[in-house]
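Position 1 is the first residue of the sequence, and the numbers go up from there. These figures come from a predicted structure and were not determined experimentally.
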Amino acid sequence: MIKIISFNKQYSKDFYELNIEWLKTYFYVEPFDEEVLSKPELYIIDKGGHIFFAKLDNEIVGTVALMPTKADGVFELTKMAVSPNHRGYKIGQQLMQHCIDFAKQSQFKGLMLYSNTLLENAIYIYRKHGFIEIPVESNSPYKRSNIKMELMF
């Protein structure tokens with residue numbers, strides 16, 4: 001049974017390793033990624049963001065972050081990764097639903113995300129959860145992203 005838990009410093013290494021593995025598998029690690037992933041408290045938690053982990057027994061098998069954006073009350077859903085041995089078990093969907101529920105309970109105005117259309121399964125899941133496509137700004141923080149989506153409440 002998967003349990004979704006909030007950030008704890010002891011899981012910083014898991015946050016880093018899960019995301020680096022995912023990036024190396026599907027894309028490449030950008031300097032921005034390395035910086036944020038190696039200092040999650042500085043770049044996410046201390047700025048009012050949130051990190052959640054999917055825990056199976058005593059193992060962290062997935063993670064996701066919500067980072068505040070310049071738009072008031074809108075958070076970026078980012079840094080979602082599931083360990084290779086646990087993909088295909090809808091852990092990503094559980095993390096996504098947890099973020100949506102958390103955002104609504106916290107009275108956020110909405111969530112947004114950047115992705116890449118090569119990730120067909122991810123895009124399908126985002127749409128299934130109500131995200132709609134919006135234009136990607138020319139100065140997007142991620143070189144690999146070619147799609148931006150949002151879910152407003």
Side-chain angles (χ1 to χ4, degrees), residues 4 6-7 9 11-54 60-84 86-88 90-153:
I4 309 289
S6 294
F7 180 79
K9 197 173 189 163
Y11 301 125
S12 293
K13 186 176 178 220
D14 295 288
F15 181 73
Y16 178 87
E17 290 176 353
L18 284 165
N19 275 287
I20 292 293
E21 184 283 327
W22 185 90
L23 286 167
K24 286 181 176 176
T25 297
Y26 294 98
F27 296 101
Y28 47 88
V29 179
E30 296 180 21
F32 182 69
D33 297 314
E34 182 69 40
E35 184 68 17
V36 171
L37 294 172
S38 62
K39 300 173 185 158
E41 284 180 278
L42 177 67
Y43 285 97
I44 300 171
I45 301 298
D46 293 350
K47 293 188 175 186
H50 307 273
I51 297 174
F52 302 105
F53 295 97
I60 297 298
V61 297
T63 189
V64 65
L66 294 175
M67 292 182 7
T69 66
K70 289 177 182 148
D72 185 44
V74 178
F75 281 67
E76 179 184 353
L77 188 138
T78 186
K79 310 301 180 221
M80 185 185 293
V82 174
S83 79
H86 297 89
R87 290 183 187 144
K90 300 188 189 280
I91 294 169
Q93 290 192 53
Q94 290 180 55
L95 286 165
M96 165 80 66
Q97 190 60 56
H98 182 82
C99 286
I100 292 169
D101 293 343
F102 179 85
K104 287 179 179 177
Q105 289 167 1
S106 301
Q107 298 184 324
F108 293 174
K109 291 179 183 168
L111 298 174
M112 55 77 65
L113 60 86
Y114 294 93
S115 192
N116 188 295
T117 51
L118 294 173
L119 302 171
E120 294 175 12
N121 289 348
I123 303 299
Y124 171 80
I125 290 167
Y126 301 145
R127 287 196 170 114
K128 179 178 163 185
H129 282 86
F131 283 80
I132 58 165
E133 189 172 346
I134 60 173
V136 180
E137 60 271 45
S138 58
N139 61 342
S140 164
Y142 308 103
K143 291 184 183 87
R144 67 181 168 268
S145 69
N146 67 358
I147 187 171
K148 183 177 180 182
M149 303 178 86
E150 70 177 7
L151 173 65
M152 301 308 285
F153 307 122

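- Side-chain contact of Tyr16 with Glu34: a donor-acceptor pair under 3.5 Å is present, judged by distance alone.
- Separating the CG atom in Leu37 from the CZ atom in Phe32 is a distance of 9.5 Å, to the nearest 0.5 Å.
- Smallest separation of non-hydrogen atoms from Pro40 and Ile51: CB-CD1, 3.6 Å.
- At least one donor-acceptor pair closer than 3.5 Å links the side chain of His129 to the backbone N or O of Ile125.
- A donor-acceptor pair under 3.5 Å links the side-chain atoms of Ser38 to the main chain of Glu35, judged by distance alone.
- Glu30 places a side-chain N or O within donor-acceptor distance of the main-chain N or O of Lys143, the cut-off being under 3.5 Å.
- Using a 4.5 Å cut-off on side-chain heavy atoms (C-beta onward), Lys47 and Met67 make no contact.
- To the nearest 0.5 Å, the span separating CG on Asp33 from CZ on Phe27 amounts to 10.5 Å.
- Considering every non-hydrogen atom in both Asn19 and Met80, the closest pair reads OD1-N, 4.0 Å.
- Met96 and Leu77 get closest at one heavy-atom pair: SD-CD1, 4.0 Å.
- Residue Thr78 holds its OG1 atom at 9.0 Å from CE of Met112, rounded to the nearest 0.5 Å.
- Across every non-hydrogen atom of Ala103 and Leu111, the tightest pair is CB-CD2, 3.9 Å.
- For Asp46, the CG atom sits in a packed shell: over 12 heavy atoms of surrounding residues, nucleotides or ligands are nearer than 6.0 Å.
- In this structure the side chain of Glu150 reaches within 4.5 angstrom of the side chain of Ile132, judged on heavy atoms.
- To the nearest 0.5 Å, the span separating CE on Met152 from CZ on Phe108 amounts to 12.0 Å.
- The side-chain heavy atoms of Ile100 and Phe153, taken from C-beta on, include a pair separated by under 4.5 Å.
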Practice task
Report the C-alpha separation of Leu118 and Tyr26 in whole Å, then their side-chain angles, then the decisive distance to 0.1 Å, and conclude whether the side-chain contact (heavy atoms from CB on, under 4.5 Å) test is met.
Solution key: CA-CA 9 Å; Leu118 294 173; Tyr26 294 98; over 6 Å; no
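- For Glu137, the side-chain hydrogen bond (donor to acceptor under 3.5 Å, both in side chains) test picks out Tyr114, Lys148, with sequence neighbours left out.
- The two residues His50 and Gly48 make their nearest non-hydrogen contact at NE2-O, 3.6 Å.
- Note that the CZ atom of Arg144 and the CG atom of Asn116 stand 9.0 Å from one another [nearest 0.5 Å].
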Exercise for the section: Kindly indicate, with the supporting measurements, whether the criterion side-chain contact (heavy atoms from CB on, under 4.5 Å) is fulfilled by Phe15 and Ile44. Expected result: CA-CA 12 Å; Phe15 181 73; Ile44 300 171; 3.8 Å; yes
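- The shortest distance between side-chain heavy atoms of Pro84 and Glu21 falls below 4.5 Å.
- We find the OG-CD1 distance between Ser12 and Ile60 to be 11.0 Å, quoted to the nearest 0.5 Å.
- Using modelled atom types, one side-chain atom of Thr63 and one backbone atom of Phe52 make a donor-acceptor pair closer than 3.5 Å.
- Closest non-hydrogen pair, Leu18 versus Ala81, comes out as O-CB, 3.5 Å.
- Counting non-hydrogen atoms of neighbouring residues, nucleotides and ligands closer than 6.0 angstrom, the OH atom of Tyr124 reaches no more than 12 such neighbours.
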